Amino acid sequence: MNRDLAIDVTRGLAIWSMITAHFADGAKIAMPTHAFPYVDGMSVFVLVSGFILGLVHHGWIDAHGMRFAFGKLAARLAVLYVCQLTIALVAVAAGMAGYFRLTWLLPVDGWAEGIWASVTMAYLPSGGNILLMYMVLMASAFAVLPLLARGWWAAVVAASIGLYVLAQTNPPDWFYLTADMTAPRIQNWAAWQVLFVPALAIGWNWRRWHLATRIERHLPLLVLVAATVAAAMHFLVIDGPLTAFEPALGDKLDLGVARVVGAWVVVPVVYGVFRVFLAQWHRDWLRPLALSGSRSLDSYVIQSLGLVVVPIMILDRPWSTWSMTVIAVGVFGACWAWAEFRRACHVDKLHRLPAILAAPITTAIARKMPAPAVRPVGVASAATHSSVRRSVSAGSPS
């Protein structure tokens, strides 16, 4: 199965958008990926992640069955947990060193409390808390994938929309993920799933519906629709008759309707533009985005750790515009370099990294070790034949 680089580039652009939002908010370098109203890297990341999950798991289920796909899903959830735990533990370490302000978290009373809060996913630093929601959304695939395998994609999408309506109108407390902050609610997962679950259904049917070709064919129309939606959001919601409703329509915690519409309009256009570009130009023009997007989880973890490490180890906030720009480019460069390293070393799975790095050392040690002494085959054969002849002579009748 050939990899669709336009998908990787789209994810890479989402990573770049998140990095510039977290490290260079307000600088000109952040403007291009935040020009469309209410669309940011997080919403694109969640939508594209659901799409890829449906696309990949459909192939695995067809080839190996549902149990195999569930095993892969469980393994991915474990990886996400370890990544979120790592981010949380770094935040605890920063807090214990007196840098609680960098994480936006409440102080902890010692390492034991901090470690326990990290293990239970309660200690989630600002800018590094998406993975908990991602785990919740991915866990929903255990229920959604069997329904898609039965062809019930329409029911899945309808249920997702219904849950979103409930999340907007009368959400119970357990719809919200929380962290140890002054304002503990961080995401309404039941609202955000309206990006993930329908995208999962689209990914499941991606090849059967020939959606890549259709997006490319109708790209001018999609661009026109996106431009119309952007103009409507600006002249109606941001600066128009619906301004009074803007806080609710554009709310990020509860994923307001404007953010939902914006994400679903922008992502197909971005994917289509990159698909056309890659068909006409060499892929290396977009190599940084493609590689960082292909390792989007790694890239997200790097930028999350950077939010804590950079102010402590390199330059403390507040940053000037030039400092913001240099730091954002540097963090993205680190994501790209890490992706290049994994590609060069053929590290397809992170748990194989220690063995891959140790392989040259163990090979060199094995070469320096003296080979065990081996008796020449001819000598052994002659001795054996002589022994056999003596035995035969001794045992033969006189």
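Remember, predicted model here, so these are calculated numbers, not experimental data.
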Euclidean distance, S140 OG relative to L200 CG, rounded to 0.5 Å: 7.0 Å
Nearest-0.5 Å distance, CG of residue L124 to CG of residue L85: 10.5 Å
Atom pair CG/CD1 of D8 and I15 - distance to nearest 0.5 Å: 11.5 Å
Whether over 12 other heavy atoms sit under 6.0 Å from M66 CE: yes
Check: L255 main-chain N/O paired with Y164 side-chain donor or acceptor under 3.5 Å: yes
Atom pair CH2/OH of W189 and Y176 - distance to nearest 0.5 Å: 12.0 Å
Connected via hydrophobic side-chain network under 4.5 Å: W285 and V276: yes
V82-L131 co-clustered via ILVMFWY side chain contacts under 4.5 Å: no
R283 atom CZ: more than 12 heavy-atom contacts under 6.0 Å: no
Ionic contact status for R185 with D173, cut-off 4.0 Å: yes
Closest contact, heavy atoms only, T325 versus A27: OG1-CB, 4.3 Å
Ring geometry between W60 and F68 (parallel below 30°, tilted from 30 to 60°, perpendicular above 60°): perpendicular
Beyond-backbone contact of R11 with S296, side-chain heavy atoms, under 4.5 angstrom: yes
Passing candidate, side-chain contact (heavy atoms from CB on, under 4.5 Å) with L5, options L286, L278, L291, T10: L278
Ring centres under 6.0 angstrom apart (Y271, W206): yes
W336 versus E340, side-chain donor and acceptor atoms under 3.5 Å: yes
Within one Ile-Leu-Val-Met-Phe-Trp-Tyr cluster: V225 and V44, side-chain cutoff 4.5 Å: yes
Could you list the donor-acceptor pairs under 3.5 angstrom formed between side-chain atoms of residues 226-239 and any protein atom two or more places apart in sequence or on another chain?
| from | atom 1 | to | atom 2 | distance (Å) |
| --- | --- | --- | --- | --- |
| T228 | OG1 | L224 | O | 2.8 |

A167 versus N188, closest heavy-atom pair with distance: O-ND2, 3.4 Å
Pairwise ring pair (Phe, Tyr, Trp, His ring centres under 6.0 Å) hits with a residue in residues 11-38, at least two apart: W16-F332
Nearest heavy-atom neighbours spanning L222 and P268: CD1-CB, 4.4 Å
Ring pair (Phe, Tyr, Trp, His ring centres under 6.0 Å) contacts in which one or both residues fall within residues 298-328, not counting sequence neighbours: none
Residue F142 excluded, over 12 heavy atoms near CZ under 6.0 Å: yes
Same apolar cluster (I L V M F W Y, side chains within < 4.5 Å links), W116/I87: no
Within 6.0 Å of OH in Y99, more than 12 heavy atoms from elsewhere: no
